[in-house]
Engineer: 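Take a look at the following structure, please.
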Amino acid sequence: FRRAGEWGAGATLTSKLYGMYSFRRGAIKAIRHTITPSVGFAYRPDNSTRIEGPFGANGALGSYSPFQIGIYGEPSVGESGSLNLGVIQNLEAKVRERRNAPADSAAKEPGFRKVKLIDFLGINTSYDMLKDSLRWSSISVAARTTLANVITVNVNSAWDPYAVDLEGNRINRSERSVSGALARMTYTNVALGAELKSKRY
């Protein structure tokens with residue numbers, strides 16, 4: 001009998017920054033921008049249980065883990081020391097309410113209401129200091145907003161800073177040095193939603 005396990009440790013530091021711009025005239029009284037940056041470090045040792053031997057095709061050198069066919073799979077392979085970077089932003093405005101319309105209780109001021117321009121905009125990536133190459137992970141971008149206070153829009157996207165070869169494998173060259181673009185889009189999903197309610201109920 002043999003057991004397998006893995007462990008890791010990490011810490012994260014976060015803060016919150018506010019910016020406000022007020023208008024003296026017009027329907028918009030103020031715009032507030034909130035930024036929440038975060039920096040974290042995570043370490044994971046090499047928990048590999050792989051065994052090397054002539055396990056490849058025609059007796060070629062290969063490796064396998066006795067745990068990879070188990071219900072939990074094999075432990076993580078390779079040591080990792082990641083620096084995680086992220087920032088979350090949202091943008092909202094305080095606008096003048098239409099005449100004879102009830103005041104917005106969230107605005108805390110009669111005659112005005114809060115409008116969320118960007119509910120959520122998050123960007124995350126990580127840098128593995130213990131890798132010998134391809135240290136940057138893909139950059140994930142997520143955003144959420146509401147159009148006309150009716151349609152909810154959710155966007156999720158992933159961008160790879162590294163280029164790929166003819167077979168689609170990542171290589172140790174930046175996408176900018178190959179195509180001139182800052183990153184290469186690998187995934188994007190856009191979802192739209194709306195809520196229908198009866199005026200009576």
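Quick caveat, the model's predicted, so the values are computed rather than measured. Only heavy atoms go into these numbers, but all of them, side chains included; no hydrogens, no water, no symmetry mates.
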Engineer: Of the non-hydrogen atoms in P75 and A4, which two are nearest, and what is the gap between them?
Structural biologist: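 Looking at all heavy atoms of both residues, the shortest contact is CG-CB, 3.8 Å.
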Engineer: Could you check whether any side-chain N or O of S82 sits under 3.5 Å from a backbone N or O of N84, counting only pairs where one atom can act as donor and the other as acceptor?
Structural biologist: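 Side chain of S82 to backbone of N84: no pair is present.
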Engineer: Enumerate the residue pairs fulfilling side chain to side chain donor-acceptor pair (under 3.5 Å) with a member in residues 154-163, sequence neighbours excluded, ordered by first and then second residue.
Structural biologist: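 Sorted result for residues 154-163: S157-W159, S157-T188, D160-R170, D160-R184.
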Engineer: Establish whether L147 and V190 are linked, either directly or via other cluster members, by ILVMFWY side-chain heavy-atom contacts under 4.5 Å.
Structural biologist: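 The answer is yes; both residues are in one hydrophobic cluster.
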Engineer: Tell me if the CD1 atom of I69 is crowded by more than 12 foreign heavy atoms within 6.0 Å.
Structural biologist: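 Result for CD1/I69: open.
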Engineer: For the atom pair CG (L91) and CG (L121), what is the distance rounded to the nearest 0.5 Å?
Structural biologist: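 Answer for the CG-CG pair, L91 versus L121, is 10.0 Å.
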Engineer: Tell me whether R44 contacts the main-chain N or O of G78 through its side chain, where contact means a donor paired with an acceptor under 3.5 Å.
Structural biologist: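 The answer is yes, because a donor-acceptor pair under 3.5 Å joins these two groups.
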Engineer: Would you give the length of the straight line joining atom CG of N47 to atom CD of E79, rounded to the nearest 0.5 angstrom?
Structural biologist: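 It is 10.0 Å, given to the nearest 0.5 Å.
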Engineer: How long is the gap from CD on E92 to OG1 on T34, to the nearest 0.5 Å?
Structural biologist: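 Nearest 0.5 Å value for the CD-OG1 distance: 6.0 Å.
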Engineer: Return a table of donor-acceptor pairs under 3.5 angstrom between the side chains of residues 9-27 and protein atoms on other chains or two or more places apart.
Structural biologist:
unit_1 : atom_1 : unit_2 : atom_2 : d
T14    : OG1    : P37    : O      : 3.0
K16    : NZ     : T36    : OG1    : 3.1

Engineer: Quick check on the hydrophobic clustering: are V39 and M129 connected, directly or via other members, by side-chain heavy-atom contacts under 4.5 Å?
Structural biologist: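 In one cluster with V39: M129, yes.
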Engineer: Where do L134 and I171 come nearest, in terms of heavy atoms and distance?
Structural biologist: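 Closest heavy-atom pair between L134 and I171: CD2-O, 3.3 Å.
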Engineer: Could you tell me which non-hydrogen atom of E175 sits nearest to which non-hydrogen atom of A183, and how far apart they are?
Structural biologist: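 Closest heavy-atom pair between E175 and A183: CG-C, 3.9 Å.
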Engineer: What closest approach, in Å, do P54 and G59 show between heavy atoms, and which atom pair accounts for it?
Structural biologist: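 Distance-wise, the nearest heavy atoms are CB-O, 3.5 Å.
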Engineer: How far does CD1 of I51 sit from OG of S63, to the nearest 0.5 angstrom?
Structural biologist: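 So the CD1 of I51 and the OG of S63 are separated by 9.5 Å.
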Engineer: Quick one: pull up OG1 in T49 and CZ in R3 and give me the separation to the nearest 0.5 Å.
Structural biologist: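 Nearest 0.5 Å value for the OG1-CZ distance: 11.0 Å.
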Engineer: Taking the side chain from D128 and the backbone from R135, do they hold a donor-acceptor pair closer than 3.5 Å?
Structural biologist: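 Not confirmed, D128 side chain does not pair with R135 backbone.
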Engineer: Would you say H33 and Q89 make side-chain contact, with heavy atoms under 4.5 Å?
Structural biologist: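 SC-SC contact between H33 and Q89 confirmed.
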Engineer: Going by salt bridge (charged side-chain N to carboxylate O under 4.0 Å, His left out), name the residues that satisfy it together with R50, two or more places apart in sequence or in a different chain.
Structural biologist: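 Scan of R50 (salt bridge (charged side-chain N to carboxylate O under 4.0 Å, His left out), adjacent residues dropped) gives E74.
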Engineer: For the residue pair G81 and L130, what are the closest heavy atoms and their distance?
Structural biologist: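 Shortest heavy-atom contact: N-CD1, 3.5 Å.
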Engineer: Return yes if some donor-acceptor pair links the side-chain N/O of S126 with the main-chain N/O of S137 below 3.5 Å, else return no.
Structural biologist: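 Between the backbone of S137 and the side chain of S126 there is no qualifying donor-acceptor contact (under 3.5 Å).
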Engineer: Can you get from V87 to V141 by hopping between Ile, Leu, Val, Met, Phe, Trp and Tyr side chains that sit under 4.5 Å apart?
Structural biologist: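 Yes: a chain of side-chain contacts under 4.5 Å links V87 to V141.
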Engineer: Between I88 and I139, is there a shared hydrophobic cluster once you connect ILVMFWY residues whose side-chain heavy atoms come closer than 4.5 Å?
Structural biologist: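 No, I88 does not connect to I139 through the hydrophobic network.
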Engineer: Within this structure, what is the CD1-CG distance for the pair I28 and L117, rounded to the nearest 0.5 Å?
Structural biologist: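 Going from the CD1 atom of I28 to the CG atom of L117 covers 7.5 Å.
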Engineer: Report yes or no: do F41 and W7 belong to one cluster of Ile/Leu/Val/Met/Phe/Trp/Tyr joined by side chain heavy-atom distances under 4.5 Å?
Structural biologist: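 Yes.
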Engineer: Could you go through the side chain to side chain contact (heavy atoms under 4.5 Å, CB included) check for Y127 and L85 one step at a time?
Structural biologist: CA-CA 8 Å; Y127 180 81; L85 306 172; 6.0 Å; no
